[in-house]
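When a ligand or atom number is given, it counts from 1 through the structure's own listing order. The model shown is predicted, which means the values in this text are computed figures rather than measured ones. Any value given below was found using the heavy atoms of this structure, including those in side chains, with hydrogens, waters and symmetry copies removed.
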Amino acid sequence: MRVLIVEDERKIATFVRKALLEAGFNPTLCATGAEAMELTTNERFDAVVLDIMLPGRDGLSVLRQLREQHNTVPVILLTARGGLNERIEGLNLGADDYMTKPFSTEELIARLRAVRRRMSGEGLSVQQYADLTLNLITREVVRAGRKIELTTREYGLLEYLIRSPGRVFTRSQLCEQVWDYHFDPGTNVVDVCVQRLRRKVDEDHSVKLIHTVRGVGYTLKGAA
Ligand code: CA
């Protein structure tokens with residue numbers, strides 16, 4: 001798994017690189033956004049670990065340009081503690097995950113492996129998480145052996161969430177992906193749909209799968 005690490009703090013960069021090498025990854029280091037753009041344009045990576053605080057152009061602007069160029073390489077952002085706004089902006093720009101500094105390399109490795117699992121899950125006709133199964137062709141949804149009837153939007157939302165378990169999506173991301181229109185902060189369509197989905201998917205089960213991440217959005221995962 002080829003991982004590009006974009007981090008100007010040399011100590012962190014070499015530390016992460018060493019940990020990834022030991023875990024069997026193939027890491028490449030660079031220290032600026034300009035180098036990151038050049039490398040991602042000319043080479044193929046399986047994931048990018050992207051620090052937001054970089055000299056010159058910052059990580060968010062690199063991420064924005066990657067997505068504008070339709071580069072879908074999974075991106076894990078490194079953010080400062082307390083940087084809630086930049087985390088939300090990063091998720092809205094299409095980051096796959098984020099880690100708050102200081103972080104443990106074990107956790108970063110676990111998240112990189114999760115990214116790889118999600119990527120290799122693409123193209124399957126059945127998505128499964130815990131006891132919940134979605135058939136992407138027949139659109140049949142089953143939890144613990146019992147069929148669940150969903151509306152088109154509810155199904156769309158659930159399918160989007162189950163494709164990336166554990167990943168937190170903001171309301172505006174969900175609105176753009178599932179409803180296909182630009183998010184209006186005054187609307188509560190996403191929240192209303194999540195509530196209905198919860199009633200159908202989670203109500204009769206002790207393990208809840210759809211979770212609210214306060215101040216950020218929603219995620220599908222098992223019991224915390
Ligand atoms: Ca930095």
Side-chain angles (χ1 to χ4, degrees), residues 1-119 164-173 176 183 213-219 221 224:
M1 187 175 179
R2 299 198 62 207
V3 182
L4 178 64
I5 305 160
V6 191
E7 167 64 277
D8 59 305
E9 281 163 82
R10 225 189 146 70
K11 249 168 94 175
I12 299 180
T14 37
F15 187 66
V16 169
R17 180 171 175 273
K18 185 165 168 276
L20 293 194
L21 274 173
E22 282 167 5
F25 292 88
N26 178 2
T28 301
L29 278 187
C30 76
T32 66
E35 284 176 275
M37 281 317 304
E38 198 183 313
L39 282 162
T40 50
T41 305
N42 295 320
E43 295 176 41
R44 203 191 62 79
F45 293 94
D46 300 300
V48 177
V49 177
L50 179 60
D51 188 31
I52 290 185
M53 291 287 284
L54 295 169
R57 65 183 305 187
D58 71 6
L60 290 177
S61 107
V62 172
L63 174 61
R64 182 181 296 114
Q65 193 181 344
L66 280 174
R67 296 310 186 228
E68 277 169 5
Q69 293 176 351
H70 305 288
N71 187 331
T72 57
V73 61
V75 171
I76 299 181
L77 287 176
L78 302 180
T79 75
R81 186 190 291 276
L84 178 64
N85 288 338
E86 63 188 20
R87 285 203 287 280
I88 293 177
E89 192 185 346
L91 292 169
N92 279 331
L93 286 173
D96 294 77
D97 207 343
Y98 61 80
M99 305 268 310
T100 306
K101 286 180 174 181
F103 56 88
S104 81
T105 48
E106 286 88 353
E107 188 179 355
L108 177 62
I109 286 162
R111 290 186 186 212
L112 283 167
R113 291 198 169 121
V115 158
R116 182 172 52 187
R117 278 198 300 276
R118 294 203 286 263
M119 293 303 281
S164 302
R167 177 170 163 187
V168 181
F169 293 101
T170 63
R171 289 172 177 78
S172 90
Q173 271 178 321
E176 274 158 28
F183 183 63
V213 180
R214 273 184 65 186
V216 183
Y218 297 103
T219 184
K221 60 173 186 173

Trace of the salt bridge (charged side-chain N to carboxylate O under 4.0 Å, His left out) decision for R171 with E176: CA-CA 9 Å; R171 289 172 177 78; E176 274 158 28; over 6 Å; no
One thing to verify: whether R167 and D97 come together as a salt bridge, which I'm taking to mean a side-chain N less than 4.0 angstrom from a carboxylate O.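 No, no charged N to carboxylate O under 4.0 Å.
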Looking at D46 and R44, is there a salt bridge between them, counting it only when a charged N and a carboxylate O are closer than 4.0 Å?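 Salt bridge flag = yes for D46 with R44.
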Are there more than 12 heavy atoms of other residues, nucleotides or ligands under 6.0 Å from atom CD of Q69?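 Above 12, so yes.
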What's the separation between atom CE in M53 and atom CD in E7, rounded to the nearest 0.5 Å? 10.5 Å
Please list, in chain and residue-number order, the protein N/O/S atoms closer than 3.0 Å to the Ca ion (ligand 1). E7 OE1, D8 OD1, D51 OD2, M53 O
Let me see the working for K101 and D51 under salt bridge (charged side-chain N to carboxylate O under 4.0 Å, His left out), right down to the final yes or no. CA-CA 10 Å; K101 286 180 174 181; D51 188 31; 3.1 Å; yes
